[in-house]
Amino acid sequence: MLTLNALKGVGPQTLKKLNAAGIFEPEDLISWYPRDYISCEPSVSISDIQEEKMVTVFGHFTRPPVTRKYGGQQVTTGTFTDGTGNLTVNWYHMPYIAASVSDKDLYLRGKAVRKGNRLFLYQPSILKEEQYQEQVNKLMPVYPLKTGLTNKLLCSLVEQCLEHAELIHEYLPAGFRKRYQLAEANYAMKEIHFPDSRHDMLLARKRLVFDEFFFFMLSVRELKEQKHTIPNTYVFDKMEAAERLLGILPYELTSAQKRTVDEIFQDMHSPFVMSRLVQGDVGSGKTVIAVLAMLHAAENGYQSALMAPTEVLAVQHYEAVCDLTAKCGLGFQAILLTGSMTAKQKRMAYNKIESHEADLIIGTHALIQEHVVYDKLALVITDEQHRFGVRQRSVFTEKSDKPHVLVMSATPIPRTLALILYGDLDISVIDELPANRIPIKNCVVNERYLSRAYAFLEKEIKKGHQAYVICAMVEESEQVEAENVLDYAEKLKKALPQNIRIGILHGKMKPKEKNQIMQEFADHQIDLLVSTTVVEVGVNVPNATVMMIENAERFGLSQLHQLRGRVGRGSAQSYCIFMDRSGQESKNERLSVLEKSNDGFFIAAEDLRLRGPGDFYGVRQNGQIQFALADIYTDAVIMKLAKEAADEVYDQTADLSEEEEKVLYELLEQYRSRAEAFDVPL
């Protein structure tokens, strides 16, 4: 049986790095799919180079490159020529590179940047003639990289694993695959990693996407059958608390909010336990609905718990709950429980929860730790369901005797898709915004407007407001042309006045560090936050009035809408600037949708309409349920096929042999454990 240790290039240190990334078995490695592909372009003359583009050039160095130190950095520099022009080539912290290039003819691939009258190539990869011929016009995998892992290493390890056919199981009979037009499993796995062509890659991807949706749908069917027959053992006969809160609110609920509250209360009073998704756009007023449900549980003698995806958001929910309950004068106690609290604070919280001194419990994943013992927990609420997944929800519900489950999501998904994805839940949709919300003003611009955009950021900050700048990448990548957080923050420090406090936030930071930065931004210790999409969920800053999204063309529309929802939360006019760096003269049709509309459900429908098959390059959609490959918009047709197939198998109408069914359900168990390790929902 193949193990990671048996692979060439895996020693004790590499094994630790693989384990840290969640790779423990060869099966995990072959499921570590490429996040993108690069194709080595045919070489061009230096005189024909397009600036700010990835290029391949053929030539030689006029003399061997030399290494010097500049401000503590080792820079290896040389002049490269092909007879039509010259390039200055720089490598950072790679002094050994000089010995491998000398004066030989070779290919360099990198991003061309002009500074003054000189053309530079930074950190280019070096290709010999045979390497160039092997790679030109071919799709080469680009893997998600964790600390210490390189793309070259992962390519080598995956290639070795693919030589062992026993790692890949075909569970579908030929007739079944033919009906759904699915590639064979071994072919699909090999072609997704090392495709012979784009056509082969798309065939492979379709099969693997089908598998992800198929197993997910089987899990959803199981949950649905289990949940919709659970009897409701909780008695709700008092209704005063919710009515008192509604009476002191400074605004009236929208008709959509009232309808949703009615549906939730009907569920809580019904013969069966509630399993409901509340799907509402950013700012549609889901939090007050959650509080109404929690108060309803409290006045009837039960506890309720609300789990948020980040500590900052948990604190904000806690403060909102305390404020609303205090205004009501009902005397119910709210308590906060998060991972960063001291051991003493946690013990005090555990005691109050177990003794039922606390009625309304708000926190993060800390709410589902084994030390937490609830007393009469009747209602479980998870905020931003796509951040948790069904397994974590199940752990939460096991903390009590089959409590009511309420899931809140700000991700507007077309109802047809939501009914498939959330098949184990009933759905309430809040499809209107409160009347007092000031619509966000949007604009789509290209890089010619960059200086004006910077001036606008400065103007808003001088008014005392705050701003976000969103970048697609954490740091520079030779494979992807996109602005990155680290370099962009430095660029802004040079372009804006020194008294503007600029902070950095990205997913590679430790959770404690991320929470600290978000809290500092919430406390207005930071004026301008340069971040990746990690801000999409987890911070509510009403004082932030402007967001600028770099390389907006690389994001899905629904994710852009989610990001935009970080502004427009206060009483001041807010703005969103979408920076399109695609180089197209005509306005991007997809981005124009965002410029014209702030309606998340309309945008989700347009996203589904405009994203065609194979349109999955670039930054993944992070605002929805996460799969390894699948995307609910691009792959909506495949998702519907997978739902049909899963129902067929679950209802035992599929033409599967006993052996095929056995293999299928064994794989389903493997999928569950792997999905949990890779944070895929079940």
Side-chain angles (χ1 to χ4, degrees), residues 220 222-239 241-242 260-261 263-278 286-287 289-309 314 317-318 321 325 332-337 349-350 352-385 387-409 422 424-428 681-682:
V220 167
E222 286 181 352
L223 282 165
K224 184 175 183 179
E225 298 300 322
Q226 293 166 15
K227 287 182 177 178
H228 281 238
T229 56
I230 299 172
N232 179 10
T233 60
Y234 305 99
V235 178
F236 294 90
D237 53 12
K238 299 176 184 176
M239 292 286 291
T260 300
V261 171
E263 289 168 347
I264 290 169
F265 281 18
Q266 284 171 22
D267 284 351
M268 293 172 80
H269 289 251
S270 77
F272 301 105
V273 164
M274 172 175 67
S275 293
R276 182 167 292 277
L277 168 72
V278 175
K286 296 182 296 299
T287 302
I289 288 172
V291 175
L292 285 164
M294 294 175 83
L295 288 177
H296 188 46
E299 74 169 326
N300 284 282
Y302 302 115
Q303 287 179 319
S304 57
L306 190 162
M307 184 164 68
H317 279 318
Y318 170 71
V321 169
T325 52
F332 300 130
Q333 183 172 351
I335 197 167
L336 179 69
L337 180 60
Y350 297 154
K352 287 185 177 182
I353 293 168
E354 189 171 3
S355 65
H356 203 147
E357 190 178 338
D359 306 288
L360 304 94
I361 301 125
I362 299 98
T364 56
H365 291 79
L367 296 179
I368 59 175
Q369 299 303 309
E370 60 180 330
H371 301 294
V372 188
V373 178
Y374 296 90
D375 179 64
K376 296 183 181 177
L377 178 64
L379 174 63
V380 164
I381 303 173
T382 55
D383 186 12
E384 297 297 347
Q385 114 83 11
R387 298 295 172 182
F388 295 112
V390 176
R391 186 175 293 273
Q392 285 168 310
R393 292 213 316 265
S394 298
V395 172
F396 203 177
T397 57
E398 286 163 12
K399 287 287 185 180
S400 182
D401 184 22
K402 302 178 179 59
H404 295 288
V405 175
L406 185 63
V407 174
M408 300 193 299
S409 176
Y422 303 108
D424 63 316
L425 302 170
D426 296 315
I427 299 176
S428 294
L682 279 180

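Asp375 meets the side-chain hydrogen bond (donor to acceptor under 3.5 Å, both in side chains) test with His356; sequence neighbours excluded. Listed by chain and residue number, Ser428 satisfy the side-chain hydrogen bond (donor to acceptor under 3.5 Å, both in side chains) test with Glu263 (two or more places apart in sequence, or in another chain). Take Ala242 and apply the side-chain contact (heavy atoms from CB on, under 4.5 Å) test, not counting sequence neighbours, and it matches Phe265, Leu292. The side-chain hydrogen bond (donor to acceptor under 3.5 Å, both in side chains) test applied to Asn300 returns no partner, not counting sequence neighbours. Evaluation of the side-chain hydrogen bond (donor to acceptor under 3.5 Å, both in side chains) rule for His269 yields His296 as partners, not counting sequence neighbours. The ring pair (Phe, Tyr, Trp, His ring centres under 6.0 Å) test applied to Tyr234 returns Tyr302, His404, not counting sequence neighbours.
Within the model, atoms CD of Gln303 and CD of Glu357 stand 11.0 Å from one another, a figure rounded to the nearest 0.5 Å. In this structure, Tyr374 OH and Leu367 CG are separated by 4.0 Å, a value rounded to the nearest 0.5 Å. Rounding to the nearest 0.5 angstrom, the gap separating the CD atom in Gln333 from the CD1 atom in Ile353 is 10.5 Å. For the atom pair CG of Leu306 and CE of Met294, the computed distance is 5.0 Å after rounding to the nearest 0.5 Å. The CD1 atom of Ile361 lies 6.5 Å from the CG atom of Leu377; values are rounded to the nearest 0.5 Å. Between Asp237 atom CG and Glu299 atom CD the span is 8.5 Å, to the nearest 0.5 Å.
Between Lys402 and Thr233, every side-chain heavy-atom pair lies at or beyond the 4.5 Å cut-off. Taking 4.5 Å as the limit, every side-chain heavy atom of Ile230 sits out of range of all side-chain heavy atoms of Phe272. For the pair Pro403 and Leu379, the minimum side-chain heavy-atom distance is 4.5 Å or more. Side-chain contact check for Leu277 versus Ser409: some heavy-atom pair is nearer than 4.5 Å. Residues Val278 and Ile264 have side chains in contact (heavy-atom distance under 4.5 Å, counting atoms from C-beta outward). Inter-residue side-chain proximity for Val321 and Thr287 is flagged as unmet; no heavy-atom pair is nearer than 4.5 Å. Looking at heavy atoms from C-beta onward, Val273 lies out of side-chain contact with Val405 at the 4.5 angstrom threshold.
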Requested in this report: Would you please test Tyr318 and Leu337 for side-chain contact (heavy atoms from CB on, under 4.5 Å) and show each step?
Outcome: CA-CA 10 Å; Tyr318 170 71; Leu337 180 60; over 6 Å; no
Report task. Dump the intermediate steps for side-chain contact (heavy atoms from CB on, under 4.5 Å) on Leu295 and Leu360, then the final yes or no. Result -> CA-CA 8 Å; Leu295 288 177; Leu360 304 94; 4.2 Å; yes
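Contact record, Ile362 with Ala334: CD1-CB, 4.2 Å, taken as the closest heavy-atom pair. Taking every heavy atom of both residues into account, Ala297 and Phe236 meet most closely at CA-CE2, 3.8 Å. Scanning all heavy atoms of the two residues, the minimum distance from Val372 to Ala366 falls at CG2-O, 3.3 Å.
With hydrogens and angles ignored, the 3.5 Å screen pairs no side-chain donor or acceptor of Asp426 with any backbone N or O of Met274.
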